[in-house]
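Order of appearance sets the numbers: ligands from 1, and atoms from 1 within every ligand. Reckoned from all heavy atoms, side chains included, excluding hydrogens, waters and symmetry mates. Residue indices begin at 1 and follow the sequence shown.
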Amino acid sequence: MLNVPSQSFPAPRSQQRVASGGRSKVPLKQGRSLMDWIRLTKSGKDLTGLKGRLIEVTEEELKKHNKKDDCWICIRGFVYNVSPYMEYHPGGEDELMRAAGSDGTELFDQVHRWVNYESMLKECLVGRMAIKPAVLKGMLPKSQVTDTLAKEGPSYPSYDWFQTNSLVTIAIYTKQKDINLDSIIVDHQDDSFRAETIIKDFLYLIHIGLSHEVQEDFSVRVVESVGKIEIVLKKKENTSWDFLGHPLENHNSLIPRKDAEDTYMKNSYIRKNINQRRETFIFTFSPNVVGLYYRKCQLISKENVTHDTRLFCLMLPPSTHLQVPIGQHVYLKLPITGTEIVKPYTPVSGSLLSEFKEPVLPNNKYIYFLIKIYHTGLFTPELDRLQIGDFVSVSSPEGNFKISKFQELEDLFLLAAGTGFTPMVKILNYALTDIPSLRKVKLMFFNKTEDDIIWRSQLEKLAFKDKRLDVEFVLSAPVSEWNGKQGHISPALLSEFLKRNLDKSKVLVCICGPVPFTEQGVRLLQDLNFSKNEIHSFTA
Ligand code: FAD
Ligand code: NAD
């Protein structure tokens, strides 16, 4: 049984009072936590008022259901009666009412696109839209679509395939030179083959039901100079294939990534078919036509890092190629009493010091996470209960941090609070080993107490070994013996800490932690005349 507090949620001082993007969460009444909602959905109560019938909903019908006690919302073509959910919605009733009787997809994506609404609201499903309003609304004239593509989209990628007696090679021509092994995610299961290529702010999807069986493992090669990716599959039987396979959902599509800048969001809900080569090439403006893809990963090890934070190691299946780029996060998904719950986490390296690192494992099959267990939280206690050998679903990466920010970088400042340290781990490793121009890295690490500091001794050893690194710990609730820095993020702490090496040195400040910490930090950095380009804040 989960231990979920029943007083108002979130607790008055909980970090969960502010959602990502600074949106305030509202206090919920007693008995209206997420766990209470899950219980209600399992109670067998008719939540739609339709006694389990699913109907086709016209736009006119949808519009009529626009009151609190009769509120229907369409998300991605599916209509939900959200009236029973009103009191459980962490963003409050008013937030839900903004989409009452209409298509709430865009609003939903702006606020919490990762939330697994299909699972959370499955008992509220009324039916499908008779005609998808998304397609009707916002259709731009042809010329505008083409112009936008020409100006903002990458040149069309394409793919081809060829075979030998024992191998099938799928070649993806990205027509971009800045691609690497992080740019391609491959999964195949049974006969379904899926390759997502990240090309700038777009995702190019190859999704095929293969015509013949292949072995589980495969290799991926990138020819950076020409922007070509080769995926080499091993045939199960050495026979000649007449064709590669049949197209599956969204095959050969170019899709704006969910975390791409607003440009593409403004143009959402447009689909355009463009005849390209032998097949129909689909350019999809709708940001969520392709949801995040999950694969099951096995828990390999779990070790205590602090009293409440653990290092989890997950192993990717052999049929997956996935490397999470620096500064990006993934979503972990677990069923909790029958409902799929999803939360974001930022992969780290196995350690900060090479002598602690496991020998380099083939094909980057392992993903590490530093995760704080909130004993009264929903997801982390469940994660903590997993046994070695159990499985958890891991999504493809998301995030808008770009490694190009490190080019010619001289001064790197990292402001981390609590588990907001996680994106800094890979950044530290990368900056200290791969950026020749780097002169100084300074980490200011905010925690409540000394016991909360993640990897303190590794950080101290690294700073001792590499004189370019300075680490400063700041405690907000120290014991009286603590003689280091104390307090919360403040102008006094920052102005002293953020001294550039030279007047015009190239600087980057990365900041991550609880939302109020990050928001306050960004304001202070702006007051200290750091430009927008010099600041990167990590949020969902
Ligand atoms: P929640 O259920 O969200 O609870 C969190 C807090 O609210 C706890 O303090 C809990 O006591 C309190 N609370 C819960 N229910 C109630 C109630 N009914 N009444 C009063 N108080 C209540 N975290 C990491 O540890 N590592 C990472 O690498 C990491 N990466 C992240 C990356 C991104 C992009 C983002 C946005 C977040 C990241 N997080 C990370 C945070 C993570 O996603 C979760 O928010 C965190 O693990 C808490 O999840 P939970 O479901 O266990 O807790
Ligand atoms: P915590 O509660 O232990 O607090 C750590 C420090 O943060 C405190 O000592 C204090 O200095 C500062 N802090 C906390 N609340 C503050 C406030 N209201 N105003 C100013 N400063 C404040 O932190 P935690 O429990 O480890 O939480 C870490 C947070 O970082 C979570 O909210 C998590 O979602 C977030 N996080 C975000 C990302 C990301 O966006 N990429 C990655 C990892 C963690």
Side-chain angles (χ1 to χ4, degrees), residues 2-21 25 27-37 88 90 112 114 259 305-306 308-312 324 327-332 334 336 341-348 367-384 397-401 415-427 444-454 473-478 485-490 493 510-521 523-524 536-540:
L2 289 173
N3 176 15
V4 177
S6 56
Q7 77 269 41
S8 79
F9 174 79
R13 294 167 63 80
S14 162
Q15 44 122 331
Q16 302 297 307
R17 281 233 176 221
V18 184
S20 56
K25 290 189 176 185
L28 299 177
K29 284 186 205 152
Q30 191 169 1
R32 294 294 182 269
S33 72
L34 179 53
M35 202 60 214
D36 294 312
W37 171 250
Y88 298 82
H112 37 36
W114 70 81
D259 38 35
V305 173
T306 69
D308 59 4
T309 302
R310 323 233 190 281
L311 180 68
F312 290 82
V324 181
Q328 298 204 4
H329 54 270
V330 296
Y331 296 92
L332 299 186
L334 279 176
I336 298 181
I341 304 291
V342 171
K343 293 267 165 136
Y345 294 95
T346 313
V348 296
I367 311 188
Y368 293 90
F369 295 93
L370 281 166
I371 297 181
K372 180 172 188 169
I373 310 301
Y374 296 86
H375 292 291
T376 48
L378 180 66
F379 190 82
T380 48
E382 201 63 17
L383 190 71
D384 203 27
E398 268 201 353
N400 56 12
F401 185 79
L415 303 171
T419 56
F421 173 60
T422 51
M424 311 306 176
V425 171
K426 283 193 185 180
I427 287 181
M444 190 170 255
F445 194 1
F446 295 79
N447 282 282
K448 292 197 285 262
T449 70
E450 274 185 272
D451 291 345
D452 295 317
I453 304 175
I454 297 170
F473 299 113
V474 183
L475 300 183
S476 57
K485 293 230 153 45
Q486 16 186 313
H488 280 270
I489 194 163
S490 66
L493 276 174
C510 296
I511 179 162
C512 187
V515 174
F517 166 89
T518 307
E519 286 182 348
Q520 204 183 331
R523 277 196 301 274
L524 294 174
H536 184 87
S537 61
F538 288 90
T539 48

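Here the shortest heavy-atom distance to atom 14 (C) of ligand 2, taken over Gly420, Pro514, Ser476, Ala477, belongs to Pro514. Of the options Val515, Leu370, Thr422, Leu34, the smallest heavy-atom separation from atom 26 (N) of ligand 1 is shown by Leu370. If you check each of Asp36, Val330, Thr346 against atom 32 (C) of ligand 1, the one with the closest non-hydrogen atom is Thr346. Among Cys512, Gly418, Pro344, the residue whose heavy atom sits closest to atom 33 (C) of ligand 1 is Pro344. Of the candidates Phe538, Tyr374, Phe517, Phe446, it is Phe446 that places a heavy atom closest to atom 11 (O) of ligand 2. Comparing His488, Lys448, Lys343 by heavy-atom distance to atom 13 (N) of ligand 2, the nearest is His488.
Checking side-chain atoms of Lys343 against main-chain N and O of Leu378 turns up no donor-acceptor pair under 3.5 Å. In this structure, Thr518 contributes its side chain and Gly513 its backbone to a donor-acceptor pair below 3.5 Å. Between the side chain of Thr380 and the backbone N or O of Tyr374, at least one donor-acceptor pair lies under 3.5 Å. The main-chain N or O of Thr419 is found under 3.5 Å from a side-chain atom of Thr422 such that the two form a donor-acceptor pair.
When non-hydrogen atoms are compared, ligand 2 lies under 4.0 Å from the side chain of Cys512 (C-beta onward) but not from its backbone. At a heavy-atom distance under 4.0 Å, only backbone atoms of Thr539 (N, CA, C or O) approach ligand 2. With a heavy-atom cut-off of 4.0 Å, His329 does not touch ligand 2 at all. Contacts of Thr419 with ligand 2, taken as heavy-atom pairs under 4.0 Å, involve both backbone and side chain. Neither the backbone nor the side chain of Tyr345 has a heavy atom within less than 4.0 Å of ligand 2. Contacts with ligand 1 closer than 4.0 Å are made by side-chain heavy atoms of Tyr374 only, the backbone lying farther away.
Nearest approach of His329 to Pro347, heavy atoms of both residues: CA-CD, 4.1 Å. Shortest non-hydrogen contact noted between Cys512 and Phe538 is SG-CB, 3.6 Å. Between Phe401 and Gln328 the shortest heavy-atom distance is O-NE2, 4.0 Å. Contact detail for Gly31 and Tyr88: the closest heavy-atom pair is O-CE2, 3.8 Å.
Remark: ligand 1 and Ser33 share no N or O pair separated by less than 3.5 Å (distance only, no angle test). In terms of polar-atom proximity, defined here as any N/O pair under 3.5 Å, Thr422 makes no such contact with ligand 2. Considering backbone and side-chain N/O atoms, Tyr345 comes within less than 3.5 Å of an N/O atom of ligand 1. The N/O atoms of Ile371, backbone and side chain alike, include none that comes under 3.5 Å of an N/O atom in ligand 1.
Paired with Phe312 under the rule side-chain contact (heavy atoms from CB on, under 4.5 Å), one option of Ile367, Asp384, Leu370 passes, and it is Asp384.
Residue Phe421 places every heavy atom at 4.0 Å or more from ligand 2. Between Asp452 and ligand 2 there is no heavy-atom distance shorter than 4.0 Å.
Ligand 1 places these atoms under 4.0 Å from at least one heavy atom of Lys372: 25 (O). Taking every heavy atom of Leu378 and a limit of under 4.0 angstrom, the matching atoms of ligand 1 come to 1 (P), 2 (O), 50 (P), 51 (O), 52 (O), 53 (O). Ligand 2 places these atoms under 4.0 Å from at least one heavy atom of Ala417: 6 (C), 7 (O), 28 (C). Annotation for ligand 1: atoms under 4.0 Å from non-hydrogen atoms of His329 are 34 (C). When each atom of ligand 2 is checked for a heavy atom of Pro516 under 4.0 Å away, the hits are 17 (C), 18 (N), 19 (N). Near Asn447, with a cut-off below 4.0 Å to any heavy atom, the atoms of ligand 2 are 9 (O).
Remark: aromatic rings of Phe421 and Phe445 are close, center separation under 6.0 Å.
With sequence neighbours excluded, the residues that form a ring-ring contact (aromatic ring centres under 6.0 Å, His included) with Tyr345 are Phe379. With sequence neighbours excluded, the residues satisfying side chain to side chain donor-acceptor pair (under 3.5 Å) with Lys485 are Glu472.
Side-chain atoms of Ile341 and Leu334, non-hydrogen and from C-beta on, never get closer than 4.5 Å to each other. Side-chain contact between Lys448 and Leu475: absent, with no pair of heavy atoms (C-beta onward) separated by less than 4.5 Å.
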